[in-house]
Colleague: 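Let me begin by handing over the structure; questions about it come next.
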Amino acid sequence: MLNLVIIAVLMWWFFKFMYPKPPKEFFPKEGDDTSIRQCHQCQHRLASYRGILLNQHTTQERFFCNQEHLAAYAKAHPDENLPTDVN
């Protein structure tokens, strides 16, 4: 029985320090758009506040996970006149 308690405590400690909670900056703030969108480059789905939304409320609306996906998509589709800088 004591072995089970020791193992449980060690596993709790291991998971607490190996998988900590993410920083509060990663969670949505008041007023953030939490609707789910799909990245036009990789098709990954995530909340709007976590990515880059261009041309909002138009037929050419584009959403990207990060700057690298935006740059890759803009390079592959030059006719859409999307920003290509990765900064």
Side-chain angles (χ1 to χ4, degrees):
M1 181 66 175
L2 182 60
N3 289 344
L4 293 175
V5 172
I6 292 171
I7 290 171
V9 169
L10 288 175
M11 290 197 55
W12 170 82
W13 180 83
F14 175 77
F15 283 110
K16 177 155 179 74
F17 292 103
M18 285 299 292
Y19 304 105
K21 289 184 181 178
K24 292 186 189 237
E25 293 82 36
F26 287 1
F27 293 106
K29 310 286 185 291
E30 186 69 34
D32 281 346
D33 182 10
T34 57
S35 61
I36 302 298
R37 295 184 187 269
Q38 189 169 4
C39 178
H40 276 77
Q41 177 66 15
C42 69
Q43 310 309 318
H44 185 74
R45 297 172 55 85
L46 71 156
S48 295
Y49 77 94
R50 299 291 306 266
I52 302 164
L53 182 60
L54 300 173
N55 304 327
Q56 191 172 9
H57 306 301
T58 67
T59 58
Q60 292 294 319
E61 182 175 281
R62 298 288 180 255
F63 178 76
F64 301 97
C65 296
N66 53 44
Q67 290 285 346
E68 288 81 15
H69 288 185
L70 169 58
Y73 187 87
K75 186 176 180 182
H77 300 86
D79 56 320
E80 292 193 29
N81 296 323
L82 295 172
T84 56
D85 60 338
V86 181
N87 296 331

Colleague: Same hydrophobic cluster for Leu46 and Phe26, using side-chain heavy-atom links shorter than 4.5 Å among ILVMFWY?
Modeller: no
Colleague: For residues Cys42 and Cys39, report the shortest heavy-atom separation together with the two atoms involved.
Modeller: N-SG, 3.6 Å
Colleague: Let me confirm one number: the CG-CD distance from Asn81 to Gln60, rounded to the nearest 0.5 Å.
Modeller: 10.0 Å
Colleague: Could you check Trp12, Phe14, Tyr19 and say which one makes a side chain to side chain contact (heavy atoms under 4.5 Å, CB included) with Lys16?
Modeller: Trp12
Colleague: Tell me whether the guanidinium CZ or amine NZ of Arg50 lies under 6.0 angstrom from the six-membered ring centre of Phe63 and within 45° of its axis.
Modeller: no
Colleague: Is there a donor-acceptor contact under 3.5 Å from the side chain of Asp32 to the main chain of Thr34?
Modeller: no
Colleague: Would you compute the distance between atom CD of Gln41 and atom CG of Asn66 and round it to the nearest 0.5 angstrom?
Modeller: 9.0 Å
Colleague: If hydrophobic clusters are built by linking Ile, Leu, Val, Met, Phe, Trp and Tyr wherever their side-chain heavy atoms come under 4.5 Å apart, do Leu10 and Ile7 end up in the same one?
Modeller: no
Colleague: Is there a side-chain contact between Arg37 and Glu61, using heavy atoms and a 4.5 Å cut-off?
Modeller: yes
Colleague: According to a hydrophobic-cluster definition based on side-chain heavy atoms being under 4.5 Å apart (Ile, Leu, Val, Met, Phe, Trp, Tyr only), do Ile6 and Trp13 belong together?
Modeller: no
Colleague: To the nearest 0.5 Å, tell me how far Ser48 OG sits from Ile36 CD1.
Modeller: 7.5 Å
Colleague: For the atom pair CG (Leu82) and NE2 (His40), what is the distance rounded to the nearest 0.5 Å?
Modeller: 9.5 Å
Colleague: How long is the straight-line distance from CZ of Arg62 back to CG of Leu53, given to the nearest 0.5 Å?
Modeller: 11.0 Å
Colleague: So Tyr73 and His77, ring pair (Phe, Tyr, Trp, His ring centres under 6.0 Å) or not? Walk me through it.
Modeller: CA-CA 6 Å; Tyr73 187 87; His77 300 86; 4.1 Å; yes
Colleague: Compare every heavy atom of Leu54 with every heavy atom of Pro83, then report the nearest pair and how far apart it is.
Modeller: CD-CD1, 4.1 Å
Colleague: Do other residues, nucleotides or ligands put more than 12 heavy atoms under 6.0 Å from the NZ atom of Lys75?
Modeller: no
Colleague: Verify, without hydrogens or angle tests, whether Gln38 (side chain) and Gln43 (backbone) share a donor-acceptor contact under 3.5 angstrom.
Modeller: yes
